[in-house]
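Notes to accompany the following structure.
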Amino acid sequence: MHVEGTPQKIAEDLLAHYDVHARRLPWRAPPGSNATDPYRVWLSEIMLQQTTVAAVAPYFAKFTARWPTVQALAAAEDADIMAAWAGLGYYARARNLLACARAVAQQHDGIFPGDEDGLRALPGVGAYTAAAVAAIAFGRRAVVVDANVERVVARLFAIDTPLPAARPAIRAAADRITPDVRAGDFAQAMMDLGATICTPRNPACGICPLRQDCAAFRTADPAAFPVKVAKKAKPHRLGHGWWIERPDGHVWLIRRPAKGLLGGMRALPSSDWSDAPTAAPPMAAEWKTVSQPVGHVFTHFSLALTVHVAHVANESIPPGEGEWWPLARLEEAGLPTLFRRAADVAMKESETHAP
DNA sequence: GAGACGTGGTT
DNA sequence: TAACCAAGTCT
């Protein structure tokens, strides 16, 4: 009969491994250093929500260079934050980032709350992020449960209840193995383990420091945990985007409504996105249609955006709110990826058919 | 509880 | 190719 790892042994084994193998990441204090800046921890945690380390790294560097403190970030213009976030996705995070920075600057004297409840009350900070910042930045014991921890814990204890129903049991198990000391290291060690060894597919059990503690390791298929229900297929949608260019090198950009998809971001004027979008151009002009639509996959649907190009006079005024943006500085407009790609194909079309 | 909410990399 | 997945939050 195998003796399952005690909670203490699991934490000890994991932290010993972490002491040697911790990933060096830009938002992590160097080994042996206790210098954790809550601002940098918080910023990294927001950026890392549903986003890979590789994608976050350049954005973290850019943000911390431009806005080194929460006060600096709080003083930034909305448009500058949104443009700097462009391409990282989940733009509600950028809106909440600014709201949170301003709340900390104005209501907390620029000092982040040091406990989970205080953090949880801030915009964009949910249960995971509050626990992570409390543990990593403030050394508080907190039960930090993200998708990595869910997977590691489900395997350690062979929890076979499907997600999301398994969440309470997983959380309770995570609570049991969370140590009273080094809570921040423990949380990051669990996430490192999930990201590098206890991966969703083909976990590297052979080099796992917890394999002797792991119930799933003793089954035929450790990767079968956690059990998940199948997701439904994404619908396909169609849409039209309108590239309106002036001979003096400007394009007409709008800003999308603050809420909803790509909310608050600059964009090309576009139709609704549906099975049968309205294809009426925003203004009378000689429109050319780019032959290949821009394909883009969002979280809950995929889109084929047909791009239409028109060259209009310098004096023309498209309908509605918007601004003429200089083509030479298009990168600074901070277009989300869909519209950046639409701009690419539109400009290629303009090149080809220039008068 | 379930759906909205981006993007890019991997399988 | 299509599906799956990533340090989740909000409604």
Side-chain angles (χ1 to χ4, degrees), chain A residues 23 25-28 40-60 82 85-97 99-100 119-137 142-152 162-168 174 184 186-196 198-203 223 226 228-237 256-265 267 273 294-303 334-341:
Chain A
R23 288 182 293 173
L25 300 172
W27 42 87
R28 256 182 208 174
R40 293 168 64 89
V41 173
W42 161 76
L43 179 61
S44 70
E45 289 299 341
I46 301 298
M47 289 184 164
L48 285 162
Q49 290 168 6
Q50 298 289 287
T51 309
T52 58
V53 164
V56 165
Y59 286 85
F60 182 79
M82 300 311 287
W85 197 276
L88 198 55
Y90 283 137
Y91 298 99
R93 291 184 296 173
R95 287 178 257 136
N96 286 330
L97 185 82
C100 181
L119 290 161
R120 180 69 182 79
L122 295 168
V125 177
Y128 160 77
T129 302
V133 174
I136 297 168
V143 183
V144 180
V145 183
D146 74 331
N148 287 303
V149 177
E150 278 186 354
R151 183 170 59 254
V152 171
L163 287 172
R167 294 243 156 83
F186 179 79
Q188 294 178 92
M190 289 286 279
M191 294 190 280
D192 273 17
L193 190 75
T196 62
C198 195
T199 50
R201 285 172 282 194
N202 306 315
K228 295 185 178 180
V229 296
K231 295 175 181 171
K232 15 181 211 184
K234 296 180 202 290
H236 291 82
R237 293 183 186 166
R256 293 178 60 84
K259 292 185 177 179
L261 193 68
L262 308 178
M265 301 299 288
W273 301 341
V294 174
H296 194 73
V297 182
F298 293 100
T299 307
H300 53 296
F301 67 95
S302 59
L303 176 70
L335 293 175
T337 299
L338 166 67
F339 291 112
R340 189 176 49 67
R341 290 188 182 146

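All of these numbers come straight from a predicted model, not from anything done at the bench.
For Pro203(A) against Cys198(A), the heavy-atom pair with the smallest separation is CB-CA, 4.2 Å. When all heavy atoms of Val133(A) and Trp42(A) are compared, the closest pair comes out as CG2-CA, 4.0 Å.
Not one N or O on the side chain of Arg120(A) forms a donor-acceptor pair closer than 3.5 Å with the backbone of Ala130(A).
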Base-contact (B) and sugar-phosphate-only (S) positions in nucleotides 4-11 of chain B, heavy-atom cut-off under 4.0 Å, - elsewhere: SBBBS--S
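For Arg120(A), a side-chain nitrogen or oxygen approaches OP1 or OP2 of dC10(C) to under 4.0 Å.
If you look at Phe298(A) and His296(A), their ring centroids are closer than 6.0 Å.
Between dG6(B) and dA6(C), the distance separating the two C1' atoms is 12 Å to the nearest Å. Between dA7(C) and dC5(B), the two P atoms lie 23 Å apart (nearest whole Å).
Of the two residues contacting DNA chain C, namely His236(A) and Arg23(A), the nearest-nucleotide position lying further toward the 5' end is that of His236(A). When each of Asn96(A) and Val53(A) is assigned the nucleotide of DNA chain C bearing its nearest heavy atom, the one mapping closer to the 5' terminus is Val53(A).
Whole-Å rounding puts the Asn148(A) CG to dC5(C) P distance at 13 Å. Residue Met190(A) contributes atom CE, which lies 12 Å from atom P of dA7(C) at whole-angstrom precision. Between the P atom of dG8(C) and the CG atom of Leu163(A) lies a distance of 13 Å, rounded to the nearest Å. Here the P atom of nucleotide dT9(C) and the CE atom of Met47(A) are 16 Å apart, to the nearest Å. The distance between atom CD1 of Ile46(A) and atom P of dG8(C), rounded to the nearest whole Å, is 11 Å. Here dA2(B) presents its P atom at 11 Å from CZ of Arg167(A), a figure rounded to the nearest Å. Atom-to-atom, CZ of Arg151(A) to C1' of dG8(C) comes out at 15 Å; the value is rounded to the nearest Å.
Using a 3.5 Å distance cut-off with no hydrogens or angles, the side chains of Arg28(A) and Gln188(A) do pair a donor with an acceptor. Counting only N and O atoms by type, the side chains of Glu45(A) and Tyr128(A) include a donor and acceptor under 3.5 Å apart.
A tilted orientation is assigned to the rings of Phe339(A) and Trp273(A), their planes being inclined by 30° to 60°.
Counting non-hydrogen atoms under 4.0 angstrom, Trp27(A) reaches a base of the nucleic acid. Ser44(A) comes within 4.0 angstrom of nothing in the nucleic acid, heavy atoms only. Here Ala54(A) lies out of heavy-atom contact (under 4.0 Å) with every strand.
Distance from the side chain of Leu25(A) is smallest to dA7(C) among dA7(C), dC10(C), dA2(B). Among the nucleotides dC5(C), dG3(B), dA7(C), the one closest to the side chain of Lys231(A) is dC5(C).
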